[in-house]
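First comes the structure, then the notes that go with it.
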Amino acid sequence: MKTLFAKEDRYNIKTYAKVPIAVERGQGSWLYTQDQKAYLDMYGGHAVAGTGHCHPEVVEALKEQLERLIFYSNSVYLSVRAEAAQALIEKTDGLMAQLFFVNSGSEANENAIKLTRKITGRSIVISFTGGFHGRTYAAASATGIEKYRRLITPLVADHIVAPFGDLHEVERLLAAGNVAAVILEPIQSMAGIRDFGAEFLRELSLMCRKYQSYLIFDEVQTGVGRVGGFFYATKHGLEPDMITMGKAIASGVPMGALLLSEKIGAHISSGDLGSTFGGGPLAAAAASATVQVIEKQRLLLKVQEGSQKLKQALQQLCFVEEVRGEGYLLGIKVHGTAADYQKRLFARQILVGTSDDPSVLRLLPPLTLTDEEIDHFLAVCKEL
Ligand SMILES: Cc1ncc(COP(=O)(O)O)c(C=O)c1O
């Protein structure tokens, strides 16, 4: 194992704080290491393993697609791509009409920002403190966490970060008439699971409409069922103009997507967007299989039930100050430091995440998490 750590660190740029395990394979909510240990993955492979690790139906869809065609770009028609797009659009309950496939959450946000600027002819993009939108230039310029913004100076021009939840400030900015878009995570994950609340978002949506600015929901984490609805927007009856997706969309095959309302789609001309690998057959096959698994296994309902059970039990524990979030996007605010509790859980073979808030642990488990796995996690937490 030591040789593997040394080899990876020798040839990969060392820019990640890594958990010191060598993962050999994954199944469901579990990771199995080279030294034959099993870890319960309550971090869901960084919120990516929505259907769990190596869900058999996703694996089967990928195998079939691998044998048929590994890749062709958007310059030809592919039924596998058409089916994935239809499956995702249908999950928006009529809110969105079309989508554009990309390879990551950052790329989805880059394109969303770029499009709103082009369509409106305006340049200002408003985001919020605590929001995380990715590491590429526009996405990082919209990010409201200082340590990421510092890395990319000079920032892309005309990004304004408003204080979290400050509707008055947003209206003051919108009233200037030069705002292309407002972008936000409906529940800020990296910031430590901070929820704007559906009422705030409803008012913001009306405000954006009034000043003819677009509203972009970054659902890279909240999407694909994580909040117990397929999207945060549809769960809460909200109407953003665009939704961006990534993470769990294709169960771990790199993919992102930009979903657009009919009104926006009408403004896009041929050649406005492009991406060689976006909507490639493997990712598309995995995305369709992901939607099917979520439907077939009634995972949205399971997430709602599991989330309630986790919240109720965790709130009783003496080291827990507060549990926040929705579905399987949960933040545990602890007395003390989150990193300390993360280490203690790791010692008991459970992986959880920390956040930008040093007192908040994040749980982003697979939507397939079983009742027994929840019981096991809670039993371990009780012993901490
Ligand atoms: C809410 C949100 N938006 C965007 C991104 C960027 O996605 P990616 O890392 O796939 O570019 C992330 C990644 O963590 C995210 O959590």
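The chain is numbered in sequence order, starting from 1. First listed ligand is number 1; within each ligand, the first listed atom is number 1.
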Would you be so kind as to tabulate the donor-acceptor pairs closer than 3.5 Å made by side chains of residues 197-208, with sequence neighbours excluded?
{"residue": "Glu199", "atom": "OE2", "partner": "Arg202", "partner atom": "NE", "Å": "3.2"}
{"residue": "Arg202", "atom": "NH1", "partner": "His236", "partner atom": "O", "Å": "3.2"}
{"residue": "Arg202", "atom": "NH1", "partner": "Gly237", "partner atom": "O", "Å": "3.4"}
{"residue": "Arg202", "atom": "NH2", "partner": "His236", "partner atom": "O", "Å": "3.4"}

Subject >> Whether Tyr148 and Phe132 hold their rings parallel, tilted or perpendicular, with breakpoints at 30° and 60° >> reply: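 Tyr148 vs Phe132 ring planes: perpendicular.
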Original post:
If you look only at pairs with a residue in residues 91-100, which of them pass as a side-chain hydrogen bond (donor to acceptor under 3.5 Å, both in side chains), with sequence neighbours excluded?
Top reply: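 Qualifying pairs, neighbours excluded: Lys91-Glu295.
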Subject >> Near ligand 1, at a heavy-atom separation below 4.0 Å: residues by chain and residue number >> reply: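 Within the 4.0 Å shell of ligand 1, which is judged on heavy atoms, sit Ser104, Gly105, Ser106, Asn109, Phe132, His133, Gly134, Glu185, Asp218, Val220, Gln221, Lys247.
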**OP:** Only counting residues at least two apart or in another chain, list the ones meeting ring pair (Phe, Tyr, Trp, His ring centres under 6.0 Å) with Tyr211.
**Re:**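 Listed in chain order: nothing, the list is empty.
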Subject >> Within the 6.0 Å centroid threshold, strictly below: Phe217 and Phe231 >> reply: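 When the ring centroids of Phe217 and Phe231 are compared, they turn out to be at least 6.0 Å apart.
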Original post:
Are Phe128 and Phe196 near enough that their ring centres are under 6.0 Å apart?
Top reply: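 Centroid separation for Phe128 and Phe196: below 6.0 Å.
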